[in-house]
Amino acid sequence: MYAELRSPNIHEPENIAAYNNTILNYRGTTPFLWAGGTGIMSESDFYPADRGNMEIISLDKVEELHHFLRNDRYAEFGAMVSINDIAQAGKLVLPRILLDTIDSTASRTVREKITIGGSLCTRSFKTSLSSTLMILDAAAEVRFLKKRMHSKWFQLSRIYDKNGKLEVPTGALLSKVRIAIQQYDYQYFRKAGSVMKDPQNACSLALVARFESASISYARIIFTLHDKGFCYSRDLDNLITSIHLPVGLSRYRQIEDYIIDYLHENFGQIGRLQEERVKGLFHDMMRDMNERALCWSGREGERMA
């Protein structure tokens with residue numbers, strides 16, 4: 001039955017230099033980069049496989065990819081640091097929205113295996129962690145091969161296309177992620193549905209904002225349709241930024257219509273349940289912002305009395 005199956009060739013470099021040599025030696029092939037393995041092993045028919053000469057590069061022994069650095073401005077994590085370790089190391093300094101996103105990802109046991117590099121580079125579905133890091137202006141160091149190995153820092157928004165497809169050279173390695181240490185007046189993250197069990201209907205919303213009195217002076221918002229990609233638009237950011245709280249019904253409808261039109265324009269046909277969940281997430285967020293705005297205005301009145 002398994003006569004035609006082939007075992008993969010496994011490479012285990014112990015440092016970046018050894019990784020570079022492995023890539024150079026196998027120029028022309030497309031190796032699988034094995035981080036925590038949660039994404040690859042969830043793919044159907046990955047192993048046993050009938051693909052001959054499959055090359056897998058395990059990153060577990062690459063010491064540099066396990067490093068963690070923090071200063072007053074940012075935290076920098078190697079690609080092999082688990083998202084659970086990131087939450088533990090940064091729980092006092094990293095933006096709350098990032099910690100909420102990590103906490104919503106799988107179980108604690110699985111989070112100990114999910115690496116930050118692997119979660120950003122999965123191709124089978126889009127993760128909420130990717131979109132949350134995008135609106136936080138996180139950056140990634142990418143190592144890629146031309147005539148020799150190069151490394152360059154990119155904003156995360158530049159390594160994905162407008163629909164969330166990963167756009168890095170074949171065989172590239174995302175080696176580090178840098179996250180700015182800053183806080184916001186308002187941070188919001190919610191998800192609906194199961195990414196693993198029902199990605200066709202799962203979605204999430206993330207937003208960060210700053211306020212000046214009852215007006216939003218800065219906002220970044222992103223929706224993630226886990227089976228399709230990201231809904232992120234500077235025009236949508238501007239629509240949110242320009243509103244005065246509490247938001248009236250007409251302005252709310254205007255923004256909601258823009259979101260749905262944007263989804264259909266970029267992703268084509270969307271399931272009814274997924275579309276309704278997107279509307280529900282946006283509705284819950286705006287209601288939460290309105291309630292907070294009314295609470296703030298009440299406190300302002302108490303101080304003036």
Side-chain angles (χ1 to χ4, degrees), residues 12-16 18-19 32-42 56-143 151 153-156 159-160 166 168 172-184 187 189-191 194-196 204 206 208 224 226:
E12 297 183 291
E14 297 186 355
N15 50 53
I16 290 294
Y19 168 83
F32 289 91
L33 301 184
W34 186 288
T38 54
I40 289 178
M41 291 304 292
S42 65
I56 293 179
I57 301 178
S58 171
L59 302 175
D60 186 57
K61 293 184 179 180
V62 181
E63 182 182 354
E64 296 95 318
L65 300 183
H66 292 271
H67 289 177
F68 159 60
L69 168 68
R70 195 186 83 192
N71 58 32
D72 293 338
R73 296 184 297 112
Y74 62 83
E76 188 174 286
F77 299 93
M80 286 296 294
V81 178
S82 74
I83 62 174
N84 191 66
D85 287 343
I86 289 174
Q88 292 299 314
K91 61 183 177 182
L92 298 179
V93 294
L94 291 176
R96 182 73 247 169
I97 189 174
L98 177 59
L99 302 179
D100 290 343
T101 303
I102 291 174
D103 189 57
S104 74
T105 305
S107 65
R108 180 184 178 88
T109 301
V110 177
R111 290 199 299 269
E112 291 175 351
K113 290 293 185 181
I114 297 175
T115 64
I116 187 168
S119 65
L120 294 177
C121 295
T122 180
R123 297 179 185 271
S124 55
F125 58 88
K126 314 306 171 191
T127 68
S128 298
L129 185 60
S130 302
S131 49
T132 294
L133 287 171
M134 282 176 62
I135 65 169
L136 291 175
D137 278 329
E141 181 189 55
V142 179
R143 296 177 178 270
S151 66
W153 283 93
F154 296 91
Q155 294 302 116
L156 279 190
I159 70 172
Y160 300 103
L166 190 66
V168 295
L173 170 67
L174 191 154
S175 52
K176 297 176 185 176
V177 178
R178 182 177 293 169
I179 306 166
I181 295 176
Q182 57 180 318
Q183 295 296 336
Y184 300 86
Q187 304 177 61
F189 173 81
R190 295 291 187 277
K191 68 173 186 176
S194 170
V195 180
M196 298 303 296
S204 65
V208 293
T224 306
H226 296 286

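- Of all the heavy atoms in L166 and L120, the pair that sits closest is CD1-O, 4.1 Å.
- In this structure, CD on E141 lies 10.5 Å from CZ on F154, to the nearest 0.5 angstrom.
- Residue P13 comes nearest to S58 through the heavy atom pair CD-O, 3.5 Å, listed as atom of the first residue, atom of the second, then distance.
- Across all their heavy atoms, Q187 and V208 have their closest contact at CG-CG1, 4.3 Å.
- Note that CZ of R143 and NZ of K176 are 6.5 Å apart. Values are rounded to the nearest 0.5 Å.
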Candidate pair M134 and Y160, rule side-chain contact (heavy atoms from CB on, under 4.5 Å), full reasoning: CA-CA 10 Å; M134 282 176 62; Y160 300 103; 4.0 Å; yes
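- With sequence neighbours excluded, no residue satisfies salt bridge (Lys or Arg N to Asp or Glu O under 4.0 Å) with D60.
- Applying the side-chain hydrogen bond (donor to acceptor under 3.5 Å, both in side chains) test to residues at least two apart or on different chains, the pairs with a partner in residues 77-99 are S82-D85, R96-D100.
- Between L174 and I159, some side-chain heavy-atom pair lies under the 4.5 Å cut-off.
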Would you sort out whether I57 and L173 count as a side-chain contact (heavy atoms from CB on, under 4.5 Å), showing the intermediate values? CA-CA 11 Å; I57 301 178; L173 170 67; over 6 Å; no
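- A pairwise comparison of heavy atoms in H226 and S128 identifies CE1-OG, 3.0 Å as the closest pair.
- Inter-residue side-chain proximity for I97 and I135 is flagged as met; some heavy-atom pair is nearer than 4.5 Å.
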I179 vs L98, side-chain contact (heavy atoms from CB on, under 4.5 Å): CA-CA, chis, key distance, verdict: CA-CA 10 Å; I179 306 166; L98 177 59; 3.8 Å; yes
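- Counting heavy atoms from C-beta outward, T224 and T127 have side chains that stay 4.5 Å or more apart.
- Taking every heavy atom of both residues into account, E14 and E64 meet most closely at O-OE1, 4.4 Å.
- Between L129 and I114 there is no side-chain heavy-atom pair separated by less than 4.5 Å.
- Between Q182 atom CD and L136 atom CG the span is 7.0 Å, to the nearest 0.5 Å.
- The shortest heavy-atom contact between A75 and R70 is CB-CG, 4.1 Å.
- Applying the side-chain hydrogen bond (donor to acceptor under 3.5 Å, both in side chains) test to every pair with at least one member in residues 101-119, sequence neighbours left out, gives these pairs: T101-T132.
- The environment of E63 atom CD is sparse: at most 12 non-hydrogen atoms of other residues, nucleotides or ligands sit within 6.0 angstrom.
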